[in-house]
Amino acid sequence: MESPEQSRVPDASAPPPRPAPGGIAARARALAAPAAYLAGLNPEQRAAVETLDGPVLVLAGAGTGKTRVLTTRIAHILASGRASPHQILAVTFTNKAAREMRQRIGTLIGESVEGMPWLGTFHAIGVKILRRHAELVGLKSSFTILDTDDQVRLMKQVIEAEGIDEKRWPARQLAQWIDGWKNRGLTPDLVPAGEAAGFGNGRGGKLYGAYQERLKTLNAVDFGDLLLETIRLFRQNPGVLADYHRRFRFMLVDEYQDTNTAQYLWLRLLAQTPAGERPNLCCVGDDDQSIYGWRGAEVDNILRFEKDFPGAVVIRLERNYRSTGHILATAAHLIAHNEGRLGKTLFTDDEEGERVTVSGSWDSGEEARAIGDEIEALQRKGQSLDEIAILVRASFQMREFEDRFVTLGLPYRVIGGPRFYERAEIRDALAYFRATVQTADDLAFERIANVPKRGLGEATMQILHDYGRRNGVPLMQAARVLVETEELKPKPRQTLRDLMTSFARWAAQVEALPHQELAELILEESGYTEMWQKDRSAEAAGRLENLKELVRSMEGFENMAGFLEHISLVMDTAEGDGEEKVSIMTLHAAKGLEFETVFLPGWEEALFPHPRSLDENGRAGLEEERRLAYVGLTRARRRAKVWFASNRRIHGLWQSTIPSRFVDELPEAHVEVVQAASYGSSGLGMSRFDRAQPFAGSSYATPGWQRAQANMAAGFKATAGPRRESMTIEGELVAKSTGTVSPFKVGDRVFHLKFGNGDVAEVDGNKLSVDFDKAGRKRVVDSFVERA
DNA sequence: TAGGGTAGTATTTTT
DNA sequence: TACTACCCTA
């Protein structure tokens, strides 16, 4: 970036300084350098970047360049020499966001930002601080971090120890209560008595306390503690806090609208010095995109920023660089129905573009078929599948699309399904590693003691537990003692002895062997790999692949312990195999992303706004749902396509549904109603789109009904009859089915990644009808199966 | 102890 | 409908 931008550099008009050593060229470079990253910012963005002193709230609407502002601001702080990398605290919510920011800053300032140790998630930074001062809060710095699963198992033990019926008061529920308290920054002594009494016949508070004690005994913390314990550390040790006050010259927070009370308290401790200087705190967020209220986020935090930090400068970013005029206007009109807003009006210089479309379908199946067809049409026009997304309200909606896309042979990816780290095989493998490295990790040991099944059942574990509790030693130590006594029956005793020998052997190798090799060794020798190799179910192959992936992902870590620390915080794996795919994800998962074309199916009253959200949170719940709709619309750059079905199967029952109230809240001027004719009107709560429908009076006469009938008939024939000509289901004619000869024949045994093993029942070009052992008969494209 | 049968339940999800 | 968690039986 050169000359035109230079004139906008503040100092450019000042009298020229004396020639610096190195001559004019060097001086020009020095002047031009800062301009390079400021170039191309609009005035508001530039203000957000350059207002370094004092508290700043940046209200950044969707697509207004929020991340750019954040990263540029950091670059600016660094380039202007106001602080060095280790003096900047930059907090994000997800590891993904942290990664992205790190990478973008690097690009901006043209060098690596390895030196920004305090850029990370709340939790990652919490751990870092906590490890340094662990002993001040009664932990050893080697403490382990439990995930949700561990927490629940621990709580189960606590509940049972308290003599409470776990069936009546499930551990999972207690976990939610405690999580809620922790989100609000409440330690056991601070939970309002009335509230604590609400669980377990009045013993909720006691259980919470007991759980915390168990954590301490195990030298463990859960995610909530990463914040709470840091808060406690700061409050009880002003000296430590003062140290961080001095350290963090600049603080930046991303997605401020998503902070919960605990995170707020944590930030405030760091931002508010006793001397009362104004903190250089910059929070960026969008109240209209607050969609995590249900997990403790307090929109209030952003709404009252100016009160919390007097003299705060509020900067609004309202120029949208992402979407077309119609999309933006539609989203703006919708969100205007919300009351509790700070108020922003997004605008764009972009063209009006295509109107947002609203389409109806007879049922969810037709919805999936129609969207599949549209995607294929877009693909033929040259649109990359990577630029197409289907955003759903609830994950059960994904399935219909998956099934349909498998049939069409349309590549897709599901984002935010079961997370890598949450998969059973990964957790099992990690448990083996944890138990090897940390022999006191009871929860890890318990998890895998009998995985694979080796005859160490409940009875044996009970004996270990009793002994452990009596003598205050970890389970594995208890096991070592007990195998030398007569307390166990001979068979489990021998098994347990062998297992303990194995663990001792692995532990001895921790230093000697590279951790990747050790990992493989453990999985091999424990019989864990073998267990899945023997398993003939559909998922087994994928699980083995995941295990390999796990071992691969250990590369680049110092040692096993380092890897485990990382994995407990950063539990996603970066994926991407290069192939173009349609993305399917929930609206929640879509925040922060953008696509050329966005499909928004399922805009029906029974689903979106989700009735549960309305029941539990009333008006606030409705507004959050509306924000979700807003997030969905604003993900689209050029095309947003809303769909609703008049029949949907929910929990296995067919329900007749009516279009979402959000559909009615869209502005007619920017919306185009297409295929309204195919929507079979039920006569209930008709939206204006029904009125646009010429056959509304008699629903049986509508083309939609007729088409639905035809589809149903075709679908029936497809599954019931072997006649080939009956397989021309509407919409499938476009599938790549002609001319090719399948390598499979009727009767072949095949394997499909999603459906498992099955027998080929019919061959039609490159399409197969397969009777799957578990999933029943499905039609699949032959490239999706292999010989079993 | 392990596997099968049954009952109960069923948004959104990051760390 | 589909999954899971638990109980009961072999």
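Basis for what follows: all heavy atoms, side chains included, without hydrogens, waters or symmetry-related copies. First the proteins, then the strands, lettered A, B, ... as listed; each starts at 1.
- Using the six-membered ring where Trp is involved, A:W181 and A:W177 have ring planes that are perpendicular, over 60° apart on the 30 and 60° scheme.
- In this structure, A:S568 does not reach the B:dT15 phosphate: none of its side-chain N or O atoms is under 4.0 Å from OP1 or OP2.
- Here the P atom of nucleotide B:dT15 and the CH2 atom of A:W266 are 15 Å apart, to the nearest Å.
- A salt bridge links A:R434 and A:D441; the closest N-O separation between the charged side-chain nitrogens and carboxylate oxygens is under 4.0 Å.
- You'll find a donor-acceptor pair under 3.5 Å spanning the side chain of A:R393 and the base of B:dT12, going by distance alone.
- In this view, A:D286 and A:Q289, A:K344 satisfy the side-chain hydrogen bond (donor to acceptor under 3.5 Å, both in side chains) rule, not counting sequence neighbours.
- Nearest heavy-atom pair, A:M398 versus A:T586, reported as atom, atom and distance to 0.1 Å: CE-N, 3.5 Å.
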Margin query: Could you go through A:F93 and A:F122, starting from their C-alpha distance and side-chain angles, then the distance that decides it, and tell me whether this counts as ring pair (Phe, Tyr, Trp, His ring centres under 6.0 Å)?
Written below: CA-CA 7 Å; A:F93 272 80; A:F122 277 101; 5.4 Å; yes
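- At a threshold of 4.0 Å, the pair A:R612-A:D615 does not count as salt-bridged, since none of the basic side-chain nitrogens sits closer than that to a carboxylate oxygen.
- A salt bridge does not link A:E402 with A:R399: none of the charged nitrogens is closer than 4.0 Å to a carboxylate oxygen.
- Taking A:H610 as the reference, nothing meets the ring-ring contact (aromatic ring centres under 6.0 Å, His included) condition, with sequence neighbours excluded.
- Remark: P of B:dT12 and CG of A:L614 are 16 Å apart, rounded to the nearest angstrom.
- The number of heavy atoms from other shown groups lying within 6.0 Å of CZ (A:R132) is above 12.
- Comment: A:D288 engages A:R341 in a salt bridge, judged by a side-chain N to carboxylate O separation of less than 4.0 angstrom.
- For A:T121, no side-chain nitrogen or oxygen approaches OP1 or OP2 of B:dT14 to under 4.0 Å.
- Put simply, NE2 on A:H651 is 12 Å from P on B:dT9, counting in whole angstrom units.
- For B:dT11, the O4'-C1' to base torsion is within 90° of 0; the nucleotide is therefore syn.
- Going from atom CG of A:L227 over to atom P of B:dT15 covers 13 Å, rounded to whole Å.
- Atom CZ of A:F396 is separated from atom C1' of B:dT12 by 12 Å (rounded to the nearest Å).
- Heavy-atom nearest nucleotides on DNA chain B were determined for A:P492 and for A:R612, and the one closer to the 5' end corresponds to A:P492.
- One distance of note links NZ of A:K182 with CG of A:L228; it measures 6.5 Å at 0.5 Å rounding.
- Distance CE (A:M531) to C1' (B:dA2): 14 Å, rounded to an integer number of Å.
- Per the geometry, CG belonging to A:L653 stands 15 Å off P belonging to B:dA10, to the nearest Å.
- Annotation: proximity of residues 153-162 of chain A to DNA chain B (heavy atom, distance under 4.0 Å) is found for no residue.
- Of the inter-residue distances, the one linking A:Y256 atom OH with A:E298 atom CD reads 11.0 Å to the nearest 0.5 angstrom.
- We find the CG-CD1 distance between A:L430 and A:I448 to be 11.5 Å, quoted to the nearest 0.5 Å.
- B:dT14 atom P lies 15 Å from atom CD of A:Q151, rounded to whole Å.
- Once the 5.5 Å centre distance and the 30° plane angle are applied, the aromatic ring of A:W294 is found stacked with the base of B:dT12.
- The side chain of A:A394 approaches B:dT11 more closely than any other nucleotide in the set B:dT11, B:dT15, B:dT14.
- Of all non-hydrogen atoms in A:E623 and A:N338, the two that sit nearest each other are O-ND2, 3.2 Å.
- Against DNA chain B, the stretch residues 447-463 of chain A makes heavy-atom approaches under 4.0 Å through A:N450, A:K453, A:G455, A:G457, A:E458, A:A459, A:T460.
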Check: After noting the C-alpha distance and the side-chain angles of A:R172 and A:D179, does the key distance pass the salt bridge (Lys or Arg N to Asp or Glu O under 4.0 Å) rule?
Finding: CA-CA 10 Å; A:R172 194 154 286 283; A:D179 206 48; over 6 Å; no
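- Contacts between residues 616-628 of chain A and DNA chain B, defined by a heavy-atom separation under 4.0 Å, are made by A:E616, A:E625.
- Using a 4.0 Å cutoff to heavy atoms of chain A, the contacted part of DNA chain C runs 5' to 3' from C:dT1 to C:dC7.
- Within 4.0 Å (heavy atoms only), A:T148 reaches at least one base atom of the nucleic acid.
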